[in-house]
Amino acid sequence: MDCLRQPLESGEVIIGRAAGTVRFPARFLLVLAANPCPCGLGGKAIDCRCSPQLRHRYLARLSGPLLDRIDLQVMVHPVSRAELLSDLPNAESTAVVAERVRLARERAARRYAGTPWRTNAEVPGREIRRRFRPEPGSLAEIAAAMDRGQLSARSVDRVLRVAWTLADLAGRDRPTRDDVYEALFFKIGLHGTVAP
């Protein structure tokens with residue numbers, strides 16, 4: 001899986017041989033799913049007998065450098081049938097979500113007109129930090145997470161790109177503190193640590 005690191009970063013696969021080097025385009029959306037432990041129950045169910053050490057060793061199979069390149073890391077907790085079915089009336093249709101995504105992509109395309117980029121994911125880290133900054137005061141929690149050792153420089157760039165996507169989906173001109181916080185939550189799960 002660590003072979004995916006470079007294509008995730010650069011958007012291309014580079015194959016080098018004695019006769020030369022070939023580059024292939026490789027822009028893709030990677031979706032990973034992992035159980036919380038070998039038995040899949042996550043240590044919370046009565047039947048799980050996995051020790052904390054076993055769970056740690058199991059999750060360590062996903063390397064830090066690979067996880068650093070994953071934008072959204074979301075823990076999905078099991079839901080009961082009643083919870084799942086009670087939410088059906090509130091679900092948005094695919095058409096409504098698709099329209100919101102279309103408008104967000106148009107917003108990003110307008111922002112990046114005259115640049116080599118079309119989407120937030122394509123913008124280099126240096127540019128996303130310098131030219132496309134969120135609202136003033138929005139970066140305090142990112143700085144705190146860096147101080148705690150929870151974010152690398154690469155992760156900061158990814159959090160900012162996700163914050164721009166959240167702002168685009170909401171129809172805002174630039175990310176707010178809440179957008180940055182939500183993007184940070186998706187990256188490292190800091191829910192509840194930022195005052196509203």
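A salt bridge is defined here as a Lys NZ or Arg NE, NH1 or NH2 lying under 4.0 Å from an Asp or Glu carboxylate O, and E127 with R133 fails to meet this definition. Remark: K187 does not engage D71 in a salt bridge, criterion side-chain N to carboxylate O under 4.0 Å. We find that R107 and D173 are joined by a salt bridge, their nearest charged nitrogen and carboxylate oxygen being less than 4.0 Å apart. D179 and R172 are joined by a salt bridge, as a carboxylate oxygen and a charged side-chain nitrogen come within less than 4.0 angstrom of each other. The pair R158-E9 meets the salt-bridge criterion, with a side-chain N (NZ, NE, NH1 or NH2) lying under 4.0 Å from an Asp/Glu carboxylate O.
Taken to the nearest 0.5 Å, the CG atom of L103 stands 10.5 Å off from the CG atom of D168. Interatomic distance, OH of Y181 versus OG of S138, reported as 14.0 Å (0.5 Å rounding). Taking CZ of R5 as the start and OG of S63 as the end, the distance is 5.5 Å to the nearest 0.5 Å. Summarising the geometry, atom CE belonging to M1 is positioned 9.0 Å from atom CG belonging to L30; distances are rounded to the nearest 0.5 Å. Here the CD1-CG distance, from I142 to D147, works out to 12.0 Å after rounding to the nearest 0.5 Å. Between R69 atom CZ and D157 atom CG the span is 11.5 Å, to the nearest 0.5 Å.
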task = Tell me, with the steps shown, if E141 and V180 meet side-chain contact (heavy atoms from CB on, under 4.5 Å).
result = CA-CA 8 Å; E141 191 60 34; V180 172; over 6 Å; no
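N120 has its side chain within reach of Y112: a pair of non-hydrogen atoms, C-beta onward, lies under 4.5 Å apart. Inter-residue side-chain proximity for R102 and R105 is flagged as unmet; no heavy-atom pair is nearer than 4.5 Å. Side-chain atoms of F24 and I14, non-hydrogen and from C-beta on, never get closer than 4.5 Å to each other. Annotation: side chain of L54 is in contact with side chain of P38 (closest heavy-atom distance under 4.5 Å). Considering only heavy atoms from C-beta on, R131 stays 4.5 Å or farther from R126 through its side chain. Within the 4.5 Å cutoff, the side chain of P175 has no heavy atoms near those of the F132 side chain. The shortest side-chain heavy-atom distance between L8 and L66 falls under the 4.5 Å cut-off. Using a 4.5 Å heavy-atom cutoff, the side chains of L151 and L184 are in contact.
F186 is not connected to L169 by any chain of hydrophobic side-chain contacts under 4.5 Å among Ile, Leu, Val, Met, Phe, Trp and Tyr, and they are in different clusters. Residues V74 and L166 fall within the same hydrophobic cluster, defined by Ile, Leu, Val, Met, Phe, Trp and Tyr side chains chained together at heavy-atom separations under 4.5 Å. Y58 and L62 end up in different hydrophobic clusters when Ile, Leu, Val, Met, Phe, Trp and Tyr side chains are linked at under 4.5 Å. The hydrophobic cluster containing L160 also contains M146, counting ILVMFWY residues as joined when their side-chain heavy atoms lie under 4.5 angstrom apart, directly or transitively. Hydrophobic clustering of Ile, Leu, Val, Met, Phe, Trp and Tyr side chains at less than 4.5 Å, counting indirect connections, keeps I70 apart from V162.
Residues C50 and R55 come closest through the heavy atom pair O-NH1, 2.5 Å. For the pair C3 and P7, the tightest heavy-atom approach, listed with the atom from each and the gap, is O-CD, 3.2 Å. Closest approach of R174 to P136, counting heavy atoms only: NH2-CD, 3.9 Å.
Residue pairs meeting the side-chain hydrogen bond (donor to acceptor under 3.5 Å, both in side chains) criterion with at least one partner in residues 12-26, sequence neighbours excluded, are E12-R23.
A donor-acceptor pair under 3.5 Å is formed between the side chain of S86 and the backbone N or O of A82. Checked by atom type and distance alone, the side chain of E122 pairs as donor or acceptor with a backbone atom of R118 at under 3.5 Å.
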